[in-house]
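Below, each value reflects all heavy atoms present in this structure, side chains not excepted, and no hydrogens, waters or symmetry copies. Nothing fancy with the numbering, it's 1 onward along the sequence.
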Amino acid sequence: MRRFVIGSARNLIESSRQKYQFERSILSSSYRFLSSSPAADSPSSSSSSSTMAHLVSLSTINPKVIECEYAVRGEIVTLAQKLQEEIQTKPDAHPFEEILYCNIGNPQSLGQQPITFFREVLALCDHPAILDKSETQGLFSADSIEHAWQILDQIPGRATGAYSHSQGIKGLRDTIAAGIEVRDGFPADPNDIFLTDGASPAVHMMMQLLIRSEKDGILCPIPQYPLYSASIALHGGTLVPYYLDEATGWGLEVSELKKQLETSRSKGITVRALVVINPGNPTGQVLAEENQKAIVEFCKQEGLVLLADEVYQENVYVPEKKFHSFKKVSRSMGYGEKDIALVSFQSVSKGYYGECGKRGGYMEVTGFGVDVREQIYKVASVNLCSNISGQILASLVMSPPKVGDESYESYSAERDGILSSLARRAKTLEDAFNKLEGVTCNKAEGAMYLFPRIDLPEKAIKAAEAAKKAPDAYYCQRLLAATGIVLVPGSGFGQVPGTWHFRCTILPQEEKIPAIVTRLTDFHKSFMDEFRG
């Protein structure tokens with residue numbers, strides 16, 4: 001019976017497809033007939049068609065959109081997606097069987113499993129009708145059921161499909177504030193929390209608030225995550241670069257900040273804020289606490305807003321380093337709301353959770369007056385609210401199971417398993433890069449990336465110029481075509497002029513890392529031999 005139904009369905013689909021193609025050919029013929037008629041060739045018709053074709057063009061759209069770029073989903077990724085389509089239709093079309101995406105921090109797309117406790121709570125919140133069913137007790141842990149009830153009681157109408165307060169559900173902000181207080185040892189106010197669809201909208205919101213014209217500048221690390229250069233460009237500001245010191249493990253020197261600040265001010269740029277990414281993206285460094293204190297002091301003395309990107313706070317892989325939030329550091333220095341303006345960003349997309357598609361995150365806004373806070377709320381309210389699943393996840397990330405909870409052992413095993421595997425992958429890739437001719441790679445202390453430097457032969461640089469590509473983009477494109485490995489050229493993140501890099505995530509599953517190393521090693525040797533001398 002089942003085969004009969006499937007066969008009937010296939011016949012119906014095929015009949016519909018043929019009918020669609022026939023109707024499409026009739027419509028196409030009619031269109032060609034009409035197009036060749038005198039009416040279609042009349043001056044007024046031709047003029048109207050021409051006008052419509054060019055009503056919106058590159059010359060008429062917002063130039064800020066053209067100016068902004070986002071390298072992690074740029075040309076290399078577009079080429080990779082085309083290759084993937086070709087492999088699906090013709091598996092032997094290329095010398096590799098799959099595309100290995102090492103370009104973006106998207107853990108679950110590469111096989112990382114979600115945290116069970118988080119997903120149990122989400123499922124129960126989204127379908128609360130099952131909470132009262134007897135079967136639920138055997139399918140879900142007791143603490144996930146209890147947690148779901150607590151969260152639902154905080155949501156008006158227990159409706160996860162309804163809009164919330166524009167800052168986010170108050171009870172969830174209470175939970176997040178309590179989690180921040182546990183992490184830092186200093187009080188946190190839920191009214192300072194703005195829940196957002198990941199950290200990116202929060203960054204855009206702050207750029208929109210701070211940038212008034214191209215005369216306003218934002219101090220940004222180079223290399224940097226392209227979200228910052230893109231958002232600064234979109235909002236019409238000026239990116240003021242400060243260079244991380246590759247020779248000292250991508251160190252952030254306050255002397256470099258002062259130099260760039262003074263240079264910009266001499267050009268008439270009003271620098272409004274300093275962006276710090278800790279742990280670093282794409283560079284993977286973790287700042288020392290003393291270094292953070294110097295940065296806080298610099299912002300206080302110069303009257304700059306400190307924008308602290310702390311989305312990788314769970315991703316620290318070396319025992320000698322520890323994550324410290326800038327809020328904790330500033331409060332430990334005795335600085336409060338009236339001393340420094342600080343915005344901290346967090347996301348459910350990174351860490352050990354990797355829930356990129358759920359789009360959850362928040363910013364904690366401190367040191368702003370009530371009148372400015374009202375303007376931030378107004379900007380948030382334009383978007384109504386962030387999605388509720390993301391809000392719930394953001395609260396869970398800041399209040400995971402505790403010792404004694406039924407889910408604690410499974411939760412801690414999943415968390416520790418993910419983080420220890422990431423540390424091993426980082427070390428394996430770091431060692432592999434450092435064995436390649438002309439490649440040097442700093443230690444991956446944290447985050448999800450390595451950012452090796454590659455010294456390319458002069459012939460390769462000239463070949464890249466002939467192809468109208470940046471040398472590192474040329475290398476990455478050749479690597480993709482030969483191996484199916486997707487990296488992001490360093491030129492998409494910014495780098496010291498005359499140096500070349502690429503960013504590689506540590507996210508492919510551990511069993512695939514050896515194949516990546518082998519493919520990359522073989523390609524690199526072939527590439528260097530081709531352009532040597």
Side-chain angles (χ1 to χ4, degrees), residues 70-89 91 94 96-119 122-123 197-201 225-227 230 279 281-282 284 311-312 314-315 317 346-361 387 389-390 393-394 396-397 414-415 417-426 428-429 444 446-451 476 479-480 483-489 492-493 502-517 519-520:
Y70 190 67
V72 295
R73 289 181 183 260
E75 181 185 8
I76 301 289
V77 180
T78 302
L79 290 172
Q81 290 166 344
K82 289 180 180 177
L83 290 176
Q84 187 165 7
E85 290 173 4
E86 291 172 10
I87 291 171
Q88 289 171 346
T89 56
H94 298 282
F96 42 85
E97 297 177 352
E98 64 176 330
I99 302 296
L100 294 167
Y101 288 97
C102 301
N103 62 297
I104 192 168
N106 194 11
Q108 292 186 27
S109 73
L110 294 170
Q112 181 174 307
Q113 295 302 301
I115 298 297
T116 303
F117 175 79
F118 294 168
R119 286 301 184 91
L122 275 181
D197 289 323
S200 298
Y225 176 45
L227 164 66
N281 177 9
V311 303
Y312 297 100
E314 300 281 0
N315 299 101
Y317 308 126
Q346 167 65 316
S347 170
V348 306
S349 300
K350 310 305 177 186
Y352 56 88
Y353 10 94
E355 294 279 11
C356 302
K358 296 299 184 183
R359 308 310 301 133
N387 81 87
S389 292
L393 263 173
L396 292 172
V397 161
E414 290 173 356
R415 177 199 62 199
I418 290 169
L419 292 173
S420 61
S421 176
L422 286 171
R424 289 192 299 271
R425 285 176 256 176
T428 300
L429 287 168
M448 295 177 172
Y449 316 99
L450 293 162
F451 198 66
C476 290
L479 173 70
L480 170 63
T483 68
I485 297 172
V486 188
L487 303 179
V488 189
F493 300 89
F502 53 81
R503 188 184 80 164
C504 178
T505 73
I506 60 173
L507 295 175
Q509 288 303 287
E510 199 162 357
E511 64 269 16
K512 290 189 176 182
I513 296 295
I516 291 173
V517 170
R519 288 193 207 179
L520 182 60

Q. Is the closest side-chain heavy-atom distance between Asn315 and Pro279 below 4.5 Å?
A. no
Q: Kindly write out the residues that satisfy salt bridge (Lys or Arg N to Asp or Glu O under 4.0 Å) with Lys512, not counting sequence neighbours, or none if the list is empty.
A: Glu98
Q: Look at the side chain of Asn387 and the backbone N and O of Gly360, then say whether any donor-acceptor pair between them is shorter than 3.5 Å.
A: no
**Q.** Min side-chain heavy-atom separation Tyr101-Ile485 under 4.5 Å
**A.** no
Q | Which atom of Ile418 lies closest to which atom of Gln113, heavy atoms considered | A | CD1-O, 4.1 Å
**Q.** Glu510 and Arg424 ion-paired at < 4.0 Å
**A.** yes
(Q) If I compare all heavy atoms of Gln346 with all of Ala199, which pair ends up nearest, and what's the gap? (A) O-CB, 4.0 Å
Q.
Taking side chain to side chain donor-acceptor pair (under 3.5 Å) as the definition, give me every residue that meets it alongside Gln108, ordered by chain and number, with sequence neighbours left out.
A. Arg119, Glu355
Q. Is a donor on one side and an acceptor on the other found under 3.5 Å between the side chain of Tyr353 and the backbone of Phe118?
A. no
Q: Kindly say whether Pro489 contributes a backbone atom to a donor-acceptor pair with the side chain of Arg503 at under 3.5 angstrom?
A: no
Q: Could you grab the distance from atom CG of Leu393 to atom CD1 of Ile115, nearest 0.5 Å is fine?
A: 10.5 Å
**Q.** Heavy-atom closest contact (Pro508 atom, Thr505 atom, distance)
**A.** CD-OG1, 3.7 Å
Q) Does a donor on one side chain and an acceptor on the other come within less than 3.5 Å for Arg359 and Ser349? A) yes
Q: Looking only at non-hydrogen atoms, find the nearest pair between Glu314 and Leu419 and report the distance.
A: O-CD2, 3.7 Å
Q | Phe502/Phe451 aromatic ring centres below 6.0 Å | A | no
(Q) Which residues pass the ring-ring contact (aromatic ring centres under 6.0 Å, His included) test with Tyr312, not counting sequence neighbours? (A) Tyr449
Q: Taking all heavy atoms of Leu480 and all of Ile76, pick out the closest pair and write down the distance.
A: CD2-O, 3.5 Å
Q | Value rounded to 0.5 Å, distance of CD1 in Ile516 from CG in Leu100 | A | 5.0 Å
Q.
Testing the basics here: between Ile506 and Leu422, what is the closest heavy-atom pair and its distance to 0.1 Å?
A. CD1-O, 3.5 Å
Q: Walk me through it: do Ile87 and Ile99 pass the test side-chain contact (heavy atoms from CB on, under 4.5 Å)?
A: CA-CA 9 Å; Ile87 291 171; Ile99 302 296; 4.2 Å; yes
(Q) Working to the nearest 0.5 angstrom, can you tell me the gap between Cys102 SG and Leu479 CG? (A) 9.0 Å
Q: Measure from the side-chain N and O atoms of Asn103 to the backbone N and O of Val486, and report whether any donor-acceptor pair falls under 3.5 Å.
A: no
Q) CD of Glu511: more than 12 outside heavy atoms within 6.0 angstrom? A) yes
Q. Where the side chain of Arg425 meets the backbone of Leu507, is there a donor-acceptor pair that is under 3.5 Å apart?
A. yes
Q | Expected output: side-chain Asn106 to main-chain Cys356 donor-acceptor under 3.5 Å | A | no
